[in-house]
Q: 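This is the structure I want to talk about, given as structure tokens.
Residues: numbered from 1 along the sequence shown.
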Amino acid sequence: MKETDILLVGFGFSAVPLLRELDLSGVSYTILSEKDGSIWASLARSDGLDFDLVSSYYTSFYTFDLVEDFSEDRYPTAREFYEMHLRYYRKYQDRIIVDRVTLIENKTDHSIVHTQSGDCIKAKHVV
């Protein structure tokens with residue numbers, strides 16, 4: 001049985017800030033996410049987003065990316081937003097276990113997560 005401090009179930013856009021913090025903290029974590037039903041699979045199929053401008057970008061959790069990725073104060077295009085997220089996907093893709101949760105047994109100090117493939121993961125915290 002695999003063990004981890006934190007099991008992150010699902011790897012969508014909202015997982016990115018948490019993963020950045022976990023990387024900084026040094027806590028062990030595992031990502032469990034479906035392949036075909038994920039936002040990343042949807043983006044890959046369409047090769048982009050289905051809207052033109054990303055106005056919520058400036059009110060989101062990506063403030064550090066603004067400094068690194070954009071040289072002027074403006075709303076990024078959907079293509080820029082898409083490419084930024086693909087960089088995060090590429091950074092974490094090797095850490096993703098492609099599977100689906102079928103059952104979570106909550107114990108006093110940990111959880112046992114059962115997956116569709118038959119694997120089990122013991123985690124102190126499930127997010």
Side-chain angles (χ1 to χ4, degrees):
M1 178 182 314
K2 181 177 175 61
E3 293 190 24
T4 187
D5 287 331
I6 297 174
L7 177 64
L8 178 61
V9 179
F11 180 50
F13 291 166
S14 62
V16 173
L18 174 59
L19 290 170
R20 291 194 309 200
E21 292 300 317
L22 290 172
D23 282 343
L24 290 172
S25 74
V27 173
S28 72
Y29 65 89
T30 301
I31 305 166
L32 181 72
S33 185
E34 292 184 58
K35 184 173 184 168
D36 295 332
S38 73
I39 186 65
W40 308 104
S42 176
L43 290 174
R45 283 190 297 272
S46 65
D47 191 36
L49 300 171
D50 60 357
F51 47 90
D52 294 327
L53 293 175
V54 185
S55 60
S56 64
Y57 186 87
Y58 287 100
T59 60
S60 70
F61 40 77
Y62 296 107
T63 54
F64 296 107
D65 300 306
L66 291 172
V67 175
E68 294 177 12
D69 293 343
F70 303 107
S71 59
E72 58 187 90
D73 187 14
R74 61 180 176 76
Y75 290 116
T77 64
R79 173 58 53 188
E80 290 167 325
F81 193 70
Y82 169 66
E83 289 171 357
M84 181 196 71
H85 281 87
L86 284 181
R87 285 194 301 274
Y88 280 113
Y89 176 74
R90 289 182 195 111
K91 178 177 180 177
Y92 294 108
Q93 70 183 358
D94 294 337
R95 299 193 68 161
I96 299 171
I97 297 172
V98 178
D99 212 336
R100 176 178 223 164
V101 173
T102 57
L103 175 69
I104 300 177
E105 295 179 62
N106 292 313
K107 309 291 185 179
T108 305
D109 61 346
H110 68 280
S111 295
I112 305 291
V113 178
H114 300 262
T115 67
Q116 193 169 40
S117 69
D119 292 334
C120 292
I121 303 168
K122 179 180 177 181
K124 292 179 185 174
H125 307 282
V126 178
V127 180

Q: Which atom names give the shortest non-hydrogen contact between Tyr29 and Asp23, and what distance separates them?
A: OH-OD1, 2.6 Å
Q: Rounded to the nearest 0.5 Å, what separates atom CG in Leu19 from atom CD1 in Ile31?
A: 4.5 Å
Q: Are Val27 and Val126 connected, step by step, through hydrophobic side chains (Ile, Leu, Val, Met, Phe, Trp, Tyr) whose heavy atoms are closer than 4.5 Å?
A: no
Q: How far apart are the C-alpha atoms of Arg20 and Tyr88, what are their side-chain angles, what is the distance that settles it, and do they pass the side-chain contact (heavy atoms from CB on, under 4.5 Å) test?
A: CA-CA 10 Å; Arg20 291 194 309 200; Tyr88 280 113; 2.7 Å; yes
Q: For Ser25 versus Leu22, what's the shortest heavy-atom pair and its separation?
A: OG-O, 2.9 Å
Q: Can Leu18 be reached from Tyr92 by stepping across I, L, V, M, F, W or Y side chains whose heavy atoms are under 4.5 Å apart?
A: yes
Q: Less than 3.5 Å apart, which donor and acceptor atoms pair up between the side chains of residues 96-104 and the rest of the protein, not counting sequence neighbours?
A:
residue, atom, partner, partner atom, Å
Asp99, OD1, Gln116, N, 3.4
Asp99, OD1, Ser117, N, 3.2
Asp99, OD2, Thr115, OG1, 2.9
Asp99, OD2, Ser117, OG, 2.4
Arg100, NE, Glu34, OE2, 3.4
Thr102, OG1, His114, O, 3.2

Q: So how far is it from Cys120 SG to Glu105 CD, rounded to the nearest 0.5 Å?
A: 7.5 Å
Q: When you look at Ile112 and Met1, which way does the side-chain contact (heavy atoms from CB on, under 4.5 Å) test go after all the steps?
A: CA-CA 9 Å; Ile112 305 291; Met1 178 182 314; 3.7 Å; yes
Q: If you round to the nearest 0.5 Å, how far is CG of Asp119 from CD1 of Ile121?
A: 7.0 Å
Q: State the CG-CG distance between Leu7 and Leu32, to the nearest 0.5 angstrom.
A: 5.5 Å
Q: Please report the interatomic distance CG(Asp109) to NZ(Lys122), rounded to the nearest 0.5 Å.
A: 6.5 Å
Q: Quick one: pull up CG in Asp5 and NE2 in His125 and give me the separation to the nearest 0.5 Å.
A: 7.0 Å
